[in-house]
Amino acid sequence: MTLLANLNPQQYEAVTTDAKQTLVLAGPGSGKTRVLTQRIAYLVKEQNIAPYQILAVTFTNKAARVMRTRVETLLEQQLQDIWLGTFHSICARLLRRETNSLPYKPNFVIFDEGDQETLVKRAIRELNIDEKSYRPAGVLASISNAKNELLLPQDYPSRTYRDEVVRRVYERYQTMLVDNNALDFDDLLFVAVRLLRENPDICERYSRRFLHVLVDEFQDTNLAQYELLRLLASYHQNIFVVGDEDQSIYRWRGADYRNVLRFEKDYPSCRKILLEQNYRSPQNILDTARAVINRNPNRTPKHLFTQRGNGDIITLYEAVDDTSEAVYVVETIQQLVMGKRAQAADFAVMYRTNAQSRLLEEAFLRAGMPYRLVGAQRFYGRREVKDCIAYLRLVHNPDDEVSLLRIINVPGRGIGEKTMLSLTMAARQAHISLGQVLLDLGRNGDASPFWKDLSGRGAVMLADFGVLLGSWVEQRDKLSLPALFGRILQDVVYQEYIQDHSEEGEDRWGNVQELLKLAYEYQDRGLTDFLENLALVSDQDTLPEALDAPTLLTLHAAKGLEFPQVFIIGLDEGILPHNRSRDDPEQMMEERRLFYVGITRAKDRLYLVRAQRRSTYGSYEFSDASQFLDDIPSNLLKVQGASSASRRSTYSDYSSPSRVQANMPWNIPPAPPKPEPQQRYRAAMRVKHPAWGDGMVLDSRIVDGEEMVDVFFDSVGFKRLMASIAPLEVL
DNA sequence: GCGTTACATATTTTT
DNA sequence: TATGTAACGC
């Protein structure tokens, strides 16, 4: 039976379990995706579950796509009716079907973070709140947290004056969203939860349908997502979640790894399965990872092991400054590539903050080496792209005031602040949206009831634009999507506006054409689908693969990926862990997990890099080594660079004496090799234990004069034993 | 209504 | 350092 071939016992149990609730705790590289996809295939093929009775949820479109393709390959058939997608796309789908029970029209739009911020800013201004002391981004973050915690404005606790302000802005912001016929990202989840909670019939309809609910990256769910899953699984109670607390790195987005504990509490009879065999990295890398993550409390201890042997030792390079840090990375890669020891695409360079990529890029450029940069400047975040989308969104949903405000004077058509103020007043008095006023002005010209409210010149300008908008709305369903798009671009002479004869102008027009090209691909699906995908699909999906070049990416972006050779740079206090996390133990734990995620991406080799001095906002500052480095046993590290040769650097004069005294492994001269006891066991030996029976030695090494043996027993799986006391018998 | 200058600000960012 | 925004003056 090929479907279940090549699974280890734990994976097999997870794939075929008949437990109603299953919690799979999957260490990095332990075949998590494999378990999930094979489980779906197993349900369909072996348990005769129809695909439409399955709900499978992920966090990223990429993960969803991978999962779908793999299941389709396993089943050798297309999965048409399965609900497989991201939390947000599943919710959007659900909400679009149920607008009858909601205060939204079916053509609602989805507001991204930028839209949210403009709307919050407007709410703050309307309420005459001081923008300096209540910065929109901060208030928005609080509102977002509230929604993730399923709190309505009226439920928002007001313990401080700030809470009170936030509550008021939240309330206003929320009505504005409804008036705009828009939902923000958090609403997609929150409104879906409320819909299901408040309409038991709808909840039953869906939860009856979903015989099986499966969830990926469960540690990253927030309360709203958890509750959504609970509701959707409420009828059959078949819920299968896969996650790893140690890889939870989105706490600041509301993710709460304690949902893992909550799950165990809510479903006491759930089956808990640990996937601990790692198929990615050699033992040295796993040991490094473990040394780092073991310092975190409140986690299920895991014993990651591999059959791949120890592998190379980890390199720690200490550069004099951040420029030479970047140069070290590039030169090392260059040498290995030129010596044919590796391919350029084998390498990834990971960092804590996007700003760190700049020096790397410069170094790569100087070396004449191509590279791939993940994330950073986002295609959909480009101004011209957002402008075009705003036009389309306005045509799709004329109530969308955020889009309207964005483009009403882009390109400039003489509609300024004063005109906009009178337009807003007119709209507010009539209790309709700005778009509706424009459309009326366009239709009726000086006969419109709004004409007189507006000063002469402004009224003409607005009416002119209203005519345009009206014609687009009218053509909306007649023209094809690309034709409509092209028509708008032509009507507003956008090309001339954007192409300002500069090189940058060419780039920007290129981006617009790129978007137009995408519109052609959506020709058959229409404007609604197009906009929804623009909102819910990030550009991580558009990144160019296939280039033989190193990848530059943040540690966050690295989750779920793997590379043969990994550099993690900026291992300094203040960078990793980041300054902003210093005061909060929870955040410090997350920084540690972030480091852990980075380490465990490496398939073969790991390089840790730091700089003694780096430029922060212009001025140079000395930095201490990351405290996380202290946790890595020195026998796993090979130290190179500035500090290993002579420690006579000015750096020690500036840093606190206690810090230098601290047991930083790379400061201590290599210990004279201890007389080591003889190793009795070697990898791949078969052994016998009186209680556990036969097993295979995976690894054996001397730690503090003791021989430690890792054995994988056929009966109980992985065990770590001390050779001197374990009654092991070599077979 | 638009362009200039001064000033504050500075993580991570699956959707 | 570099970037974006706000206030200011034309």
Side-chain angles (χ1 to χ4, degrees), chain A residues 57-65 85-92 110-118 121 131-132 135-138 141 144 147-148 183-189 216-217 219-222 224-225 247-255 322 350-359 374-378 380-381 383 409 412-421 457-458 461 532-541 553-561 570 574-582 584 587 590-591 593-595 597-598 614-621:
Chain A
V57 202
T58 63
F59 274 86
T60 66
N61 294 292
K62 198 167 137 204
R65 208 171 41 230
T86 64
F87 274 100
H88 292 84
S89 70
I90 297 274
C91 286
I110 298 164
F111 273 9
D112 68 22
E113 217 166 294
D115 303 323
Q116 292 178 52
E117 203 170 316
T118 12
K121 203 180 277 179
E131 260 176 86
K132 290 263 157 54
R135 282 214 306 288
S144 176
K147 290 186 177 185
N148 291 160
L183 290 98
D184 65 18
F185 284 141
D186 304 315
D187 275 342
L188 289 174
L189 303 163
D216 190 18
E217 304 279 13
Q219 78 283 352
D220 284 334
T221 51
N222 59 35
Q225 286 157 336
Q247 292 185 67
S248 168
I249 53 173
Y250 286 98
R251 199 182 92 91
W252 47 278
R253 301 279 317 252
D322 46 3
M350 302 173 186
Y351 35 82
R352 175 67 239 261
T353 69
N354 273 313
Q356 291 173 265
S357 75
R358 221 196 67 224
L359 286 173
V374 176
Q377 56 354 335
R378 353 189 60 204
Y380 298 112
R383 203 179 63 226
N409 203 31
R413 44 179 80 89
I415 301 173
E417 204 183 331
K418 239 180 107 205
T419 312
M420 283 313 292
L421 194 68
R457 194 164 61 102
M461 303 294 190
E532 182 154 317
N533 275 277
L534 289 180
L536 296 181
V537 174
S538 84
D539 28 12
Q540 303 258 350
D541 303 304
L553 74 180
T554 62
L555 288 162
H556 282 92
K559 194 172 78 161
L561 305 176
I575 305 278
L576 184 69
H578 197 275
N579 262 333
R580 293 248 165 146
S581 304
R582 204 171 21 191
D584 180 356
Q587 286 200 60
E590 181 141 316
E591 297 285 321
R593 293 194 291 265
L594 204 46
F595 186 30
V597 166
R614 56 178 69 241
S615 64
T616 38
Y617 312 136
S619 62
Y620 266 105
E621 272 170 27

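Just so it is clear: chains get the letters A, B, ... in the order the sequence lines come, proteins before strands, and each one is counted from 1. Heavy-atom basis, side chains included; hydrogens, waters and symmetry copies ignored.
We find that CG of D112(A) is positioned 12 Å from P of dT14(B), with the value rounded to whole Å. The separation between K559(A) atom NZ and dT14(B) atom C1' is 7 Å, rounded to whole Å. When rounded to the nearest whole Å, the span between CD of Q247(A) and P of dT14(B) equals 17 Å. N222(A) has its CG atom 14 Å from the P atom of dT15(B), to the nearest Å. The distance from atom CZ of R65(A) to atom P of dT14(B) is 14 Å, rounded to the nearest whole Å. Here the P atom of nucleotide dA10(B) and the CD1 atom of I575(A) are 16 Å apart, to the nearest Å. Separating the CZ atom of R614(A) from the P atom of dT11(B) is a distance of 15 Å, rounded to the nearest angstrom. Per the geometry, CG belonging to D115(A) stands 19 Å off P belonging to dT13(B), to the nearest Å.
The base of dT15(B) lies close enough to the side chain of H88(A) for a donor and an acceptor atom to sit less than 3.5 Å apart. Checked by distance alone, R580(A) brings no side-chain donor or acceptor within 3.5 Å of a matching partner on the base of dT12(B). For dT11(B), the base has no donor-acceptor partner in the side chain of R352(A) [N/O atoms by modelled type, under 3.5 angstrom].
At least one side-chain heavy atom of T353(A) sits less than 4.5 Å from a side-chain heavy atom of Q356(A). Put simply, the side chain of L561(A) reaches to within 4.5 Å of the side chain of L553(A), judged on heavy atoms.
Note: K559(A) NZ to M350(A) CE = 13.5 Å, rounded to the nearest 0.5 Å. Remark: K121(A) NZ to Q116(A) CD distance equals 13.5 Å, nearest 0.5 Å. Rounding to the nearest 0.5 Å places CG of L188(A) at 9.0 Å from OG1 of T86(A). The CG atom of N222(A) lies 9.5 Å from the CZ atom of R253(A); values are rounded to the nearest 0.5 Å.
Taking the side chain of N409(A) as heavy atoms from C-beta on, and the options dC2(B), dT15(B), dA10(B), the nearest nucleotide is dC2(B). Considering only side-chain atoms of R135(A), the nucleotide from dT14(B), dA10(B), dG1(B) that sits closest is dA10(B). When distances are taken from the side chain of R358(A) to each of dT13(B), dA2(C), dT14(B), the shortest belongs to dA2(C). Taking only side-chain atoms of K418(A), from C-beta outward, the nucleotide of dT11(B), dT15(B), dG1(B) with the closest atom is dG1(B). Closest to the side chain of T419(A), from the set dT11(B), dG1(B), dT14(B), is dG1(B).
Centre separation under 5.5 Å together with a plane angle under 30° does not hold for the ring of F87(A) and the six-membered base ring of dT15(B), so they are not marked as stacked. Stacking between H578(A) and dT11(B) is shown: the ring centroid lies under 5.5 Å from the centre of the six-membered base ring, and the planes differ by under 30°.
Here G412(A) lies out of heavy-atom contact (under 4.0 Å) with every strand. Residue contacts shown for E591(A) include a base, since a base heavy atom lies under 4.0 Å away. Using a 4.0 Å heavy-atom cutoff across all strands shown, S615(A) reaches no nucleic acid atom at all. Contacts of E217(A) with the nucleic acid, taken as non-hydrogen atoms under 4.0 Å apart, are absent.
The closest donor-acceptor contact from the side chain of R352(A) to the backbone of L576(A) lies at 3.5 Å or more, if one exists at all.
At least one side-chain nitrogen or oxygen of N354(A) sits closer than 4.0 Å to the OP1 or OP2 atom of dT13(B). Checking the phosphate oxygens (OP1, OP2) of dT15(B), no side-chain nitrogen or oxygen of S89(A) falls inside 4.0 Å.
Mapping L594(A) and R253(A) onto DNA chain B by nearest heavy atom places L594(A) at the nucleotide closer to the 5' end. Taking for each of Q587(A) and D220(A) the nucleotide of DNA chain B with the nearest heavy atom, the 5'-most of the two is the partner of Q587(A).
By the rule that a glycosidic angle within 90° of 0 means syn, dT12(B) does not qualify and counts as anti.
Every side chain to side chain contact (heavy atoms under 4.5 Å, CB included) that V57(A) has, sequence neighbours left out, goes to L55(A), F87(A), L229(A).
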Could I get a table of every N or O pair under 3.5 Å where one atom is in the protein and the other is in nucleotides 5-9 of chain C?
none

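Side-chain contact, S615(A) with D322(A): a donor N or O sits under 3.5 Å from an acceptor N or O.
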